[in-house]
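Note sheet for the following structure.
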Amino acid sequence: MKITVLKSTVESALAPVLKMVSNAKLPADFHPTLTFQSDKQSLSVGCTLPEQQLSVVLPDAVFDEKNTSFDVSLEMFRRLVASAKKNHLSIEQDAAHVVLNCDDSFIGQLVPMTTKSDAKFQIPRDADSTVLPTNFANFLLHAFTCAGDTKDRLALSGVNVSSRGIAGTDGHQLFHLPLPLQLKNCVTIPQSKVYAALRHLRWTALAHWRTASSDRMFSIAGEGFRYTAKTLDAVYPEYWEIIPDERNYDIRFTLTQENAQALQKFLNENTREATAELTVHPDRIELLETSNTDLKQRSGMFACSGKGANLPCTVRIVSANLKQFLKMGFLTLSFSSKMPSPLVSSSGMGKYLFMPVRDGYANTVAAPATASDATPAPRTEAKPEAGPATATVNSTNNPTINQPKEKKTMTQSATTTIATSPAVFGKVQTNAQSNPLDETLSCIVSMREQLASLESRLLEAGRKIKAALVEQRLKERQYADATRKLERIRLAV
């Protein structure tokens with residue numbers, strides 16, 4: 001078998017494969033191999049590990065044998081490709097050798113190995129599968145930013161994908177995006193750096209199944225790749241039961257893009273863990289942040305549009321959650337001033353929820369300080385002018401401040417708040433609450449996916465028709481040539 005391909009194409013295909021191998025926990029005696037496999041249409045390179053497999057197509061490769069495969073040492077092949085100084089690689093394989101040349105210059109030789117197949121990586125016909133909407137890779141990576149650690153709870157370290165959409169939570173925060181996925185059962189996908197390496201490619205389908213040995217597997221296929229791995233075989237929490245009805249929330253504020261950037265810059269200045277008192281006014285929010293380590297305080301004030309009958313209103317939060325809220329592109333946040341419940345984002349992609357600090361939930365601000373007060377509160381400063389973002393930052397050292405209160409988890413809120421305050425969450429729904437705008441966007445995404453699929457089918461049909469016409473013309477010419485030859489023979493006789 002002889003393969004001719006650009007060096008840059010090989011390096012691009014190897015990047016996600018090497019990322020998968022470098023982040024896998026492999027046995028000491030396991031040596032990864034690189035598999036070259038061809039079919040009638042394409043040539044791909046891939047790698048199979050004990051619990052995951054990835055194959056990537058080489059789009060501009062030219063090869064002379066169909067339906068064949070062979071393995072070589074992944075590390076040795078990577079080194080030889082890295083040492084090549086020119087642009088075109090030539091890979092020639094026979095029974096005893098795999099010879100690599102670069103623009104007719106010899107660069108190395110490897111020993112070919114027989115490809116080993118594993119039945120658990122083969123997708124069965126009865127697998128639970130769905131077509132993926134456009135931009136699913138970014139949605140998945142978005143959800144992973146809210147996932148937890150395997151040390152705390154295995155299920156929460158992954159992202160749950162189901163007919164409700166995708167969700168990621170660590171117990172204190174939750175991201176949920178409704179998507180039109182045609183799955184019968186949910187699947188929890190583990191963390192992997194392969195997703196980021198493949199995000200520039202189009203993802204088209206997701207499938208999951210259980211093998212004969214009771215392993216739960218999933219596969220993501222796209223344009224030019226297929227990734228298969230074990231799922232997290234653990235029960236994922238029923239997150240949709242704690243997504244509240246925002247109509248019961250009486251406090252809401254909205255930042256402009258400029259103000260959001262100013263607030264994010266303020267939060268990024270502190271890299272340590274901290275809690276903050278967030279006070280909402282009709283025309284601004286005030287933030288009093290306290291470091292969890294040295295108890296140093298700093299304050300900031302940012303113009304916004306606040307709504308609610310009980311303004312001004314204060315809620316204690318973890319600063320990292322507010323930073324995540326801004327990082328995900330949200331500008332509007334709402335909560336209830338009456339009962340403990342999650343703070344919920346809106347007017348963005350999906351929903352982002354996070355829990356307040358325990359025993360520090362929404363309380364209306366006390367009356368203005370009197371003359372007998374020793375120190376006026378920093379929130380009595382002049383209001384900012386409307387328009388551009390306004391921020392004032394102070395830093396003090398106050399050792400008499402109490403330690404930050406304990407955070408409440410999403411599961412604790414589901415078991416305590418719903419039981420004690422049905423007025424806040426409303427009637428518990430069996431299906432996830434979703435914003436009509438999100439549903440409309442999901443429908444549009446689904447329609448675009450279907451249109452793209454139809455377009456690709458029409459193009460494929462057009463190519464087949466053209467090929468059929470060319471073949472028909474060839475047969476007509478052959479028929480005319482045969483007729484002329486027969487006529488000459490008849491005249492000669």
Check [Y] with [X], please: is the shortest side-chain N to carboxylate O separation under 4.0 Å?
{"X": "Arg79", "Y": "Glu75", "answer": "yes"}
{"X": "Asp104", "Y": "Lys86", "answer": "no"}
{"X": "Glu476", "Y": "Arg473", "answer": "no"}

query = Between Tyr227 and Phe225, is the gap from one ring center to the other below 6.0 Å?
reply =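 No, the ring of Tyr227 stays outside the 6.0 Å limit from the ring of Phe225, centre to centre.
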key: Between Phe36 and Phe63, ring centroids under 6.0 Å   =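 They do not qualify: ring centres at least 6.0 Å apart.
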Check whether more than 12 heavy atoms from other residues, nucleotides or ligands sit under 6.0 Å from atom [atom1] of [X], and answer yes or no.
{"X": "Lys2", "atom1": "NZ", "result": "no"}
{"X": "Lys327", "atom1": "NZ", "result": "no"}
{"X": "Arg457", "atom1": "CZ", "result": "no"}
{"X": "Lys7", "atom1": "NZ", "result": "yes"}
{"X": "Tyr479", "atom1": "OH", "result": "no"}

ask   = According to the interplanar angle, ranging from 0 to 90°, do the rings of Tyr239 and Tyr236 count as parallel (below 30°), tilted (30 to 60°) or perpendicular (above 60°)?
value =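 Tyr239 vs Tyr236 ring planes: perpendicular.
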ask   = What is the ring orientation for Tyr195 with Phe218, classed by angle as parallel under 30°, tilted 30 to 60°, or perpendicular over 60°?
value =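 Tilted, since the angle between the ring planes falls between 30° and 60°.
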Check whether any side-chain heavy atom of [X] sits under 4.5 Å from a side-chain heavy atom of [Y], and report yes or no.
{"X": "Leu278", "Y": "Leu287", "answer": "yes"}
{"X": "Leu263", "Y": "Leu322", "answer": "yes"}
{"X": "Leu110", "Y": "Phe77", "answer": "yes"}
{"X": "Asn270", "Y": "Glu289", "answer": "yes"}
{"X": "Thr130", "Y": "Ser163", "answer": "no"}

ask   = Any side-chain donor paired with an acceptor under 3.5 Å for Arg272 and Asn292?
value =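 Side-chain D/A pair, Arg272 to Asn292: absent.
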ask   = Any side-chain donor paired with an acceptor under 3.5 Å for Arg226 and Thr228?
value = yes
note = Rounded to the nearest 0.5 angstrom, the NZ-CG distance for Lys193 and Leu141 is 12.5 Å
query = Looking at CG of Leu179 and CZ of Phe139, how far apart are the two atoms once the value is rounded to the nearest 0.5 Å?
reply =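 Those atoms lie 6.0 Å apart.
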Would you confirm whether [X], through its side chain, and [Y], through its main-chain N or O, come within 3.5 Å as a donor-acceptor pair?
{"X": "Asp128", "Y": "Asn185", "result": "yes"}
{"X": "His176", "Y": "Ile166", "result": "yes"}
{"X": "Gln182", "Y": "Val131", "result": "no"}
{"X": "Ser38", "Y": "Glu65", "result": "yes"}
{"X": "Thr204", "Y": "Ala221", "result": "yes"}

query = Quick one: which of Val45, Leu14, Thr35 gives a side-chain contact (heavy atoms from CB on, under 4.5 Å) with Leu74?
reply =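 Single pass found, and it is Leu14.
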inquiry  = Ring of Phe266, cation from Arg298 - is the NZ or CZ under 6.0 Å from the centre and inside 45° of the axis?
reply    =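 Judged by the rule, Arg298 and Phe266 form a cation-pi pair.
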